[in-house]
Amino acid sequence: MPCMGEKLGASVLKKLIPKNILKTKTHQLHDIQALTNSILNHIDSGHFKKAVSIVFSKPAPFPFPIYARLFQQCSSERAAIEARIVESHLVTFNPRPPVFLINRAIETYGKCGCLKDARGLFDDRRQRNGGTWNAMITAYSQNGDGENALLVFWEMHRSGVLANEITFASVLGSCAGVLDIYVSRQVHGLVVNYGFCFNAILASSLVDIYGKCWFMDDARRMFYEIRNPNAISWNVIVRRYLEVDNYEEAVVMFFKMVGTNVMPLTFTFSSALVACSNIPALKEGEQIHAVAVKVCFVKDKIVVNSLINMYAKCGDLVDARRLFDQPGSRDVITWTSIVSAYAACGRIREARKLFNDMPERGVISWNAMLVGYTRLFQWEEALDFIFWMHRETNDFDSFSLSLILNVCAGLSDILLGKQAHGFAYRHDLHSNTFVANAILDMYGKCGSLRSSRVWFSEMGHLRDRVSWNAFISSYARHGLSEKAIPLFGKMILETTGTELDFSTLLAACANIFALDEGKQTHAYMLRNGFNIDVVTRGALVDMYSKCRCLEYAIKVFEESSSSDLILWNSMVLGCAHNGKGGEVLGLFESMQEEGIKCDNVTFQGVLLACIGEGFVDLGKQYFDSMSKDFCIIPRLEHYECMIELYSRYGYMDELKDFVQNMPFHPTVPMLTRIFDACREYRHSELGEWAAQRLNEFKPLIPFQFEIFPDNHIDTL
DNA sequence: TTAGGGTTAG
């Protein structure tokens, strides 16, 4: 029953409004209500575009929440056309739409990548509040236009509009894109002034920015200012340490994170495992594996793939294989990881068997096999593989092409090399620095100094220190050191005097044993007050050692107390090449005492020292401890050293045992060395075996195949 | 109502 008041009100209304108008209005209201319901039903049943298609069926405004809902749908579906329809309806039937809906529209356009539409709405100054500024800054920031985001932010700041935490989140995101440290520091100052520096999101963004700018001290300081770092904060610090190549610290931070009971993200696991792979740090990798088991991440494909890689790179192929063999889904990355694991450590047959079984292959899978062949100098097999690759796929990238050029260089096949050069040219890969240097190296190793010269000149701005070294080495290889000397002048002109360039120059001197020029360079640096950093010092040690001036090399080395591995390796190899085996072993001991982690180069020096000094048993001990104690997979050169060690001192039984248990077939130089040793020490059984294997090698196949069937462009 | 990090293979 309606009450008296309602009855009275209704009768007054009836008297005031003419009967027909009231009827129309009521009708319209009913219509809009029906249409609104219909729109909402369409959205709820997943037919959002159908909902938008009927908005103009009645010439009247909707309640504001309906527009908000429609914009929200447009955002999540990235539907630009629909967004324009909704905005058009909004402004047509609402002469002054509320600011919050304008902000929604700007956000929606931002999400759809329509920055011009967003800016059009933003530029109507009559309707703006703080949210409008935020929406515009976010729109630019999310579309990778950090510069404009920052410009709008400075305009906002100048206009006296107060920023909030959301504003800074977008602004800092833009700083991370622009990577301008001066601007970033100014924004950091404002975050502090506004009192937002305890906001974990903003502080994590600052950690991210400093890390991306390689200011890790600032990043670390910022990180420790976060009261309760969350999973993203930890993820940022681990990732940033990884990307500045500070792998140890990335691993340390991962374990600190685990200690605080914050659940690591998949991203964090993969970053920490990559860091372990690069050190390499097997024990820590195993501990991360244990954490992954504990928090039930071992079913995650990315974590499993990262674990396989970690085990493989740390030399634990057994565990890598165990993970690969366990039931669960494998993808192309899982397969490529295991193929690469076998190929990289010389077990090329097993790698190939797995490769043949792959359900699908990507360019990286092909490249991984090719890396295996080239590391073992199996040029013929590599070439067959390239032919097969060419038949099966068109997917070649700059990495494949660099490897193909290495194979051409290994085979000294300039015709094939020129075809590869033509292929690079046609596919616009020749301007990639790696490819360009591989082309230069190929011409040098194939003996075409003229082509080297032309290509070196064409490389122009692409030239780097690798190019200079490759170019100058090709002169040295041709016994034309004198002709290389005038190049130094040009090189100095081109690479205007930073320490890095001096190290290039010194490396070039070392390559051609130009002691005088090396000394002059050293003197020039001292006279002109150039800082001798660790890289230059390594180059000086290397140059003096190669030029048989070990006394100077030691002096330069001893002037520094650096623990840089490359510098120590330069000294180790320098002593090894100058027949100072005792000093090498002394340096190796000092490295252990000072906690400097050895790598494969150090062990090469150590094994060379054992050869020089006749320490056969000790050499074997060092060889075994490489993988056992140092997680370093022996490379071809280490196997060569062991063969030389046994051959030179007549340890024929040990030689036989060693050679027949190698994870790959011996190369021609290895077989030749074994054969010679067998003749010298009269070991007919092994000698016959070596001779038989040598006879199996056919002479190099003369050029008869067309890898790249199109006409090649001979740019030279 | 609106922010941050961004994955593994050569």
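Chain A is the first sequence line, chain B the second, and so forth, proteins listed ahead of strands; every chain is numbered from 1. The shown structure was predicted, so the numbers you read here are calculated from the model rather than taken from an experiment.
Note on A/D331: nothing from the nucleic acid sits closer than 4.0 angstrom, heavy atoms only. Note on A/T268: nothing from the nucleic acid sits closer than 4.0 angstrom, heavy atoms only. Residue contacts shown for A/N235 include a base, since a base heavy atom lies under 4.0 Å away. Contact annotation for A/A200: base contact, defined as any heavy-atom pair under 4.0 Å involving a base atom. Among the heavy atoms of the strands, none lies under 4.0 Å from A/N103. Among the protein residues, A/R240 comes within range of the sugar-phosphate backbone only, with heavy atoms under 4.0 Å from sugar or phosphate atoms but none that close to a base.
Residue pairs meeting the side-chain hydrogen bond (donor to acceptor under 3.5 Å, both in side chains) criterion with at least one partner in residues 199-212 of chain A, sequence neighbours excluded, are A/E165-A/N199, A/H188-A/Y210, A/S204-A/S233, A/D208-A/K212, A/D208-A/R240. Judged as a ring pair (Phe, Tyr, Trp, His ring centres under 6.0 Å), the pairs with a partner in residues 357-376 of chain A (not counting sequence neighbours) are, in order, A/F355-A/W366, A/W366-A/F385, A/W366-A/W388, A/Y373-A/F385. Listed by first and then second residue, the side-chain hydrogen bond (donor to acceptor under 3.5 Å, both in side chains) pairs involving residues 63-72 of chain A are A/D44-A/R69, A/Y67-A/H89, A/Y67-A/N94 (not counting sequence neighbours). The list of ring pair (Phe, Tyr, Trp, His ring centres under 6.0 Å) pairs with a residue in residues 110-132 of chain A, not counting sequence neighbours, reads A/F122-A/W133. Identified under the side-chain hydrogen bond (donor to acceptor under 3.5 Å, both in side chains) test for residues 286-302 of chain A, with sequence neighbours left out: A/H289-A/Y311.
For A/R239, no side-chain nitrogen or oxygen approaches OP1 or OP2 of B/dG4 to under 4.0 Å.
Between A/N228 atom CG and B/dG4 atom C1' there is a gap of 16 Å when expressed in whole angstrom units. Atom CD1 of A/I226 is separated from atom P of B/dA3 by 20 Å (rounded to the nearest Å). Atom CG in A/N129 sits roughly 11 Å away from atom C1' in B/dT2 (whole-Å rounding). We find that CG of A/L206 is positioned 13 Å from C1' of B/dA3, with the value rounded to whole Å. Atom CD1 in A/I201 sits about 12 Å away from atom P in B/dT2, given to the nearest Å. Regarding A/W133, its CH2 atom lies at a distance of 19 Å from the C1' atom of B/dA3, rounded to whole Å. Separating the CG atom of A/L242 from the P atom of B/dT7 is a distance of 11 Å, rounded to the nearest angstrom. As a whole-Å value, the separation of A/Y241 OH from B/dG6 C1' is 20 Å.
The listed nucleotides are B/dG4, B/dT7, B/dT2; the one nearest the side chain of A/N134 is B/dT2. Listed nucleotides B/dA9, B/dG4, B/dG6 differ in distance to A/F267; the shortest reach to its side chain belongs to B/dG6. The A/L202 side chain lies nearest to B/dA3 when the options are B/dT7, B/dA3, B/dT1.
Qualifying side chain to side chain donor-acceptor pair (under 3.5 Å) partners for A/D180, counting only residues two or more places apart in sequence or in other chains: none. By the salt bridge (Lys or Arg N to Asp or Glu O under 4.0 Å) test, A/R330 is found to be paired with A/D325, residues two or more places apart in sequence or in another chain being considered. Shown here are the salt bridge (Lys or Arg N to Asp or Glu O under 4.0 Å) partners of A/R349, two or more places apart in sequence or in another chain: there are none. With sequence neighbours excluded, the residues satisfying side chain to side chain contact (heavy atoms under 4.5 Å, CB included) with A/D397 are A/V363, A/N367, A/F399, A/S400.
Between A/R119 and A/Y140, the side chains place a donor N or O and an acceptor N or O closer than 3.5 Å (distance only, hydrogens not considered).
Across residues 164-179 of chain A, A/E165, A/I166, A/A169 each have a non-hydrogen atom less than 4.0 Å from an atom of DNA chain B (numbered order). Near DNA chain B, meaning a heavy atom under 4.0 Å from it, residues 300-321 of chain A has A/I302, A/N305, A/S306, A/N309, A/K313 in order of number. Contacts between residues 148-156 of chain A and DNA chain B, counted as heavy-atom distances below 4.0 Å, involve no residue at all.
Using a 4.0 Å cut-off between charged nitrogen and carboxylate oxygen, A/E249 and A/R220 count as a salt-bridge pair.
The nearest pair of heavy atoms linking A/V238 to A/F254 is CG2-N, 3.9 Å. In this structure, A/F196 and A/A163 approach most closely via the heavy-atom pair CE1-O, 3.9 Å.
Judged by atom type and distance alone, A/N199 reaches the base of B/dA3 through a side-chain donor-acceptor pair under 3.5 Å. Judged by distance alone, with hydrogens and angles left aside, A/S205 brings no side-chain donor or acceptor close enough to the base of B/dG4 to form a pair under 3.5 Å.
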